Undergrad: 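My questions all concern the structure below.
Lettering follows sequence order; numbering is per chain, from 1. All values derive from a computational prediction rather than experimental measurement.
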Amino acid sequence: MIRDDLVSALAAALAAVGVDPPDKGIQLERPARREHGDWSSNVAMMTAKKAGRNPRELATELAERLRADPPAHVADVKVEGGGFVNFHLAPSWLHAVLGDIVEAGDDGYATHTIGTGERVMIEFVSANPTGPVHVGNGWFASYGDALGRVMERCGYRVQREYYVNDTGGQIRALGGSILARAKGEPVPEGGYASAFVKVLSSAYDGPDDVTAAGRWAAEHIVGFIRHQMEAVHIDYDEWYSQASIEDSEAVGETVALLADKGLVFERDGAMWLRTADFGDPRQERVIRKADGDYTYLAGDLAYHRNKFMVRGFDRVINVWGADHHGQVASLAAGVEAMGIARDRLEIRLGQMISLTSGRMSKRAGNAVDLDDLVDEIGPDAMRLLSLLNSIDQSVTIDLDKVRSESKESPVYYVQYAHTRIASIGRVADERGVVRRPLESVDLGLLQHERELEVLRSLSELPDVVLLACTERAPHKVATWVRELADRFHGFYHDCYVMGEGIDPELTQARLWLVEAARVGFKVGLDLLGVSAPESM
RNA sequence: GCCCUCGUAGCUCAGGGGAUAGAGCGUCGGUUUCCUAAACCGUGCGUCGCAGGUUCGAAUCCUGCCGGGGGCGCCA
C-alpha cells in the first residue's frame, strides 16, 4: 500500500533529522485541493513545537530527504502552507490501484478484517405492530440493513432482527379497536383509528377479548410489515416476539439473576432494580408493578439477556429513534447490572424523520406508509435517498419533491453510470473488441485527468468502507458512490473507450479502467442495498 | 426545570482538527454525424446560530447563551 510506504518514509526522514514522531503517530491525509498533491502529512506542524523547531524549516528538511530517496511513484515532495509535506505522485500509483481493484474483484475489493468474525446483532425498526410501518421507519430500515452490509464487509457476522412488541397495553388498545370496529362502534379513546385497522377488523372472528383480538391483529400486521420490508429488499434473520419472552420463564429468570446480585428490592408493593452503580441518574427503576405485571424494562432486560447470554452475540447494536432516548440509561444500566460489559451494547439514536407536512404519527393517521412511497419511486430510490443523510441529522422529507424529482433522483444518476459500463461492454462485443489480459495492457496510457479522477475515487473506497463501519455511518458509502458516478460520467463524456481516432492500445487500457469502475459501483451499491442494473 | 440531540448556500443535505467550506435541487446560459443527453460544461449562491476558550491551525473539540426537535411513567 502506497500509504504505508509514505508513512515509513516519513518516519525514516523524521528519525534522520532527530525528531520524535508525534504521539498519535504519523498522519497522512488526502488533501482537499488537487494542487496540494495526492497525499499530505502534517508531521512537521505536529512535532515542531516539542522539538523546538520552525515547522516550515523542519518540513523543508524532511522534504529534501524524501526527495533524495523517494518511495515508489513519488514524483515530487513539496512544502506548502504552514508546513505541510505534500507528496505529488506520478499517475503510475493510480495504475497500480487499478490492478489491485480488478484483481480483488467484487468480493475482495474494499474488504476488511477488523470484525474478526465477531457475531453482532443489529436490531432495527422494531416498530410496534399496530399498523404498517411508515416512511420514517423506512429511513431507519435502510440504515440498519446497510450498516449490516458494511459490517459484513469488514469481517463481522451480522444478524438482522426485528423485535416485535406484540404484547402489553398498546396491543390491548389495538384489540379494543378491532373489536369496536367489528361491531361497527367508534374506536375507543387511545385506540387505533387507521383505515388499515378498520379493514383488518372485518376479518376478525375470534373471541370478544381485547388481548386475543390484539394478538390476532398484531400477527396480521407483522405479516404486512414483513411484506413492506421485502419490498425494499430487507430480509430479517429473525422476527423476535416479545410475547414469547413474557410467556416463557425468561423474565422471572432475569429478575432472579439480578436479585442474586443483590440489586432487587421491594417498596410500595412494587419490585425495584437498583441501577445507581451503573450510570443511571434515576438510580432505581420499577421492574414489577404493584399489580403484579412486569414493566417494559423487565421484558427488555430479559430480551437483552437472551441476546447476550442465551444466543451469545458478542455485540448488540440497537437502532432507535431519538424518541426512545429516555430508555437508554435504564437499559444500559440493567444490562451492565447483569454482568455484561457495557461496550457490548451500542444504542444508535437516529434523529427524527418528519415530513414537510409535520411529524408522522400512527395514531394521528398522518403517516405515509412505506410501501405507498416505494410503489411510487421504487425501492432503489427509496434506499439511496434515505442513505444520503447521516442518521445524526434530523431530516425533513418533502414528499411532493421526492415524487416529482424521482426522474432525476440521485439513484438514477448513479445507476445510469453503471448502465453505461454495461453498454460499453455490449458495444465492445458488437464490434468484436476483446479485452486482453491485464498484464499485456499498458495502463500507463491512462493520463487524462478524467481517467485519473475516476481512479482516485476508486482508491478511496477501502477507507470509506472502513470509516462507514467504525463510525456506524453507512451514508458515507452513499456519498462516495455518488461522487464516483460524477467522475465516471465525466470520463464517459470526454474519453471515448472505442471509436474513431482512439488508439486500440488506449482502448485496452480504458476497458480495464471501466472494469475497475464497475467493481466500484457494484461494491458501493451492494453495500447500500441498491441494485446495479445493466440497462435502464 | 433537568438530560440528549441538531443548527452549514434560497431548499434538502455532505464535510466533524488542516490549506481558498462542498454537492444535489432550484436560477440563467451552452453542448449531440461516434460507447444511451436519465449525460456533460459554464453561471450565481455562505456572518458554517451567537459569544468566549483550547490549539501552530476550529465549521469540526470545550464552556455558556439563543433557536428547532426529542426525552424525563408502577406506559409500551
Side-chain angles (χ1 to χ4, degrees), chain A residues 27 29 31-33 35-36 40 42 44-46 48-49 54-56 80-84 86 128 130 165 167-173 190 242 267-272 281-282 285-297 299-300 321-329 349-352 354 356 359 385 388-390 392-398 401-402 405 407-417 419-428 430-431 433 471 475-476 478-479 482-483 485-486 488-490 492-502 507 510 514 535-536:
Chain A
Q27 294 174 16
E29 60 183 24
R33 313 190 73 81
E35 61 264 35
H36 294 140
S40 177
N42 57 10
M45 292 178 290
M46 297 276 290
K49 194 172 186 182
N54 173 298
R56 266 201 80 103
E80 285 153 320
F84 289 99
N86 291 339
N128 294 329
T130 52
N165 279 270
T167 180
Q170 60 195 350
I171 292 302
R172 287 192 292 275
Q242 182 179 3
R267 189 174 69 213
D268 304 332
M271 187 181 281
W272 297 72
R282 285 266 305 281
R285 304 274 179 166
V286 174
I287 51 177
R288 197 179 67 200
K289 298 182 270 181
D291 67 9
D293 285 349
Y294 286 110
T295 59
Y296 180 83
L297 175 62
D300 215 13
D323 52 340
H324 289 85
H325 161 252
Q327 296 169 44
V328 174
L349 289 182
Q351 293 304 298
M352 302 309 289
S354 56
T356 41
R359 184 180 163 186
L385 228 44
L388 247 15
N389 321 118
S390 152
D392 294 331
Q393 179 85 225
S394 48
V395 303
T396 307
I397 305 166
D398 185 336
K401 219 169 177 181
V402 166
E405 284 173 4
K407 284 266 186 318
E408 354 176 319
S409 159
V411 74
Y412 296 118
Y413 187 73
V414 176
Q415 289 182 321
Y416 187 57
T419 67
R420 283 182 145 175
I421 290 174
S423 165
I424 289 169
R426 285 190 296 270
V427 171
E430 281 167 25
R431 299 187 187 175
V433 177
E471 296 194 354
H475 77 280
K476 287 177 187 294
T479 307
R482 192 171 58 174
E483 185 193 77
D486 182 43
F488 187 81
H489 282 306
Y492 184 90
H493 187 267
D494 285 358
C495 303
Y496 277 81
V497 174
M498 295 159 289
E500 291 172 33
I502 309 293
T507 292
R510 285 182 173 167
V514 168
S535 64
M536 286 166 62

Undergrad: Report yes if a side-chain nitrogen or oxygen of A:Arg282 is closer than 4.0 Å to either non-bridging phosphate oxygen (OP1 or OP2) of B:C3; otherwise report no.
TA: no
Undergrad: Using heavy-atom distances to pick each residue's nearest nucleotide on RNA chain B, tell me which of A:Asp293 and A:Ile424 is more 5'.
TA: A:Ile424
Undergrad: Can you tell me how far C1' of B:G24 sits from CD of A:Glu483, to the nearest Å?
TA: 14 Å
Undergrad: Centroid distance below 5.5 Å plus an interplanar angle below 30 degrees: do A:Phe84 and B:A19 meet both conditions?
TA: yes
Undergrad: Taking the minimum atom-to-atom distance to the side chain of A:Thr396, which one of B:A76, B:A14, B:U12 wins?
TA: B:U12
Undergrad: How many angstroms lie between CZ in A:Arg426 and OG1 in A:Thr419, if you round to the nearest 0.5 Å?
TA: 7.5 Å
Undergrad: Whole-Å distance between B:C13 C1' and A:Leu385 CG?
TA: 11 Å
Undergrad: Should B:C40 form a Watson-Crick or G-U wobble pair with both distances under 3.5 Å, which nucleotide is its partner?
TA: B:G30
Undergrad: Testing the basics here: between A:Thr295 and A:Val286, what is the closest heavy-atom pair and its distance to 0.1 Å?
TA: OG1-O, 3.1 Å
Undergrad: Tell me whether the side-chain N/O atoms of A:Lys476 come closer than 4.0 Å to OP1 or OP2 in B:C13.
TA: no
Undergrad: Using a cut-off of 4.0 Å on non-hydrogen atoms, how would the nucleic acid contact of A:Asn54 be classed: base, sugar-phosphate, or nothing?
TA: nothing
Undergrad: Could you tell me whether the side-chain ring of A:His36 sits stacked on the base of B:A19, using a centroid cut-off under 5.5 Å and a plane angle under 30°?
TA: yes
Undergrad: Nearest whole Å is fine: how far is B:A39 P from A:Phe488 CZ?
TA: 14 Å
Undergrad: Rounded to whole angstrom units, what separation is found between the NE2 atom of A:His489 and the C1' atom of B:U32?
TA: 16 Å
Undergrad: Shortest non-hydrogen contact from A:Glu80 to A:Glu35?
TA: OE2-O, 3.6 Å
Undergrad: If I compare all heavy atoms of A:Glu471 with all of A:Lys476, which pair ends up nearest, and what's the gap?
TA: OE1-CE, 3.1 Å
Undergrad: Taking the nucleotide of RNA chain B with the nearest heavy atom to each, does A:Gly321 or A:Gln27 sit closer to the 5' end?
TA: A:Gln27
Undergrad: Classify A:Ser40 by what it touches in the nucleic acid, base, sugar-phosphate, or nothing, heavy-atom distance under 4.0 Å.
TA: base
Undergrad: Rounded to whole angstrom units, what separation is found between the NE2 atom of A:His325 and the C1' atom of B:U5?
TA: 8 Å
Undergrad: Tell me which nucleotide, if any, is Watson-Crick or G-U wobble paired with B:C48 when both distances must be under 3.5 Å.
TA: none
Undergrad: Let's test this: given Watson-Crick or G-U wobble pairing with both distances under 3.5 Å, identify the partner of B:A9.
TA: none
Undergrad: Planes under 30° and centres closer than 5.5 Å, is that true for A:Tyr496 with the base of B:C34?
TA: yes
Undergrad: Does the side chain of A:Gln393 get closer than 4.0 angstrom to OP1 or OP2 of B:A14 through an N or O atom?
TA: yes
Undergrad: Polar atoms only, N or O, under 3.5 Å: list the protein pairs with nucleotides 54-57 of chain B and their distances.
TA:
from  : atom 1 : to      : atom 2 : distance (Å)
B:C56 : OP1    : A:Lys49 : NZ     : 2.6
B:C56 : OP2    : A:Lys49 : NZ     : 3.1

Undergrad: Taking the C1' atom in each of B:A23 and B:U55, what is the distance between them to the nearest angstrom?
TA: 30 Å
Undergrad: Looking at every non-hydrogen atom in both residues, tell me the closest pair between A:Ala48 and A:Asn54 and how far apart they are.
TA: CB-C, 4.3 Å
Undergrad: Quick one: A:Asp486 CG to B:G24 P, roughly how many Å, whole number?
TA: 7 Å
Undergrad: Any side-chain N or O of A:Lys289 under 4.0 Å from OP1/OP2 of B:G73?
TA: no
Undergrad: Could you tell me whether A:Val395 contacts a base, only the sugar-phosphate backbone, or nothing, with contacts defined as non-hydrogen atoms closer than 4.0 Å?
TA: sugar-phosphate
Undergrad: If you measure from the C1' atom in B:C74 to the same atom in B:G16, how many Å do you get, rounded?
TA: 42 Å
Undergrad: Quick one: label A:Tyr413 by what it contacts on the DNA or RNA (base, sugar-phosphate, nothing), any heavy atom closer than 4.0 Å.
TA: sugar-phosphate
Undergrad: OP1 or OP2 of B:C25 less than 4.0 angstrom from a side-chain nitrogen or oxygen of A:Arg482, does that happen here?
TA: no
Undergrad: Tell me what A:Val286 touches on the nucleic acid: a base, only sugar-phosphate, or nothing, going by heavy atoms under 4.0 Å.
TA: base
Undergrad: For A:Asp293, give me all partners under side-chain contact (heavy atoms from CB on, under 4.5 Å), at least two apart in sequence or on another chain.
TA: A:Lys289, A:Asp291
Undergrad: Closest approach of A:Gly83 and A:Ala44, non-hydrogen atoms and distance?
TA: O-CB, 3.5 Å
Undergrad: Kindly write out the residues that satisfy ring-ring contact (aromatic ring centres under 6.0 Å, His included) with A:His489, not counting sequence neighbours, or none if the list is empty.
TA: A:Tyr413, A:Tyr416
Undergrad: Nearest whole angstrom, please: distance from the C1' of B:A37 to the OH of A:Tyr412.
TA: 17 Å
Undergrad: I need the CD-C1' distance between A:Gln327 and B:C3, as an integer number of Å.
TA: 15 Å
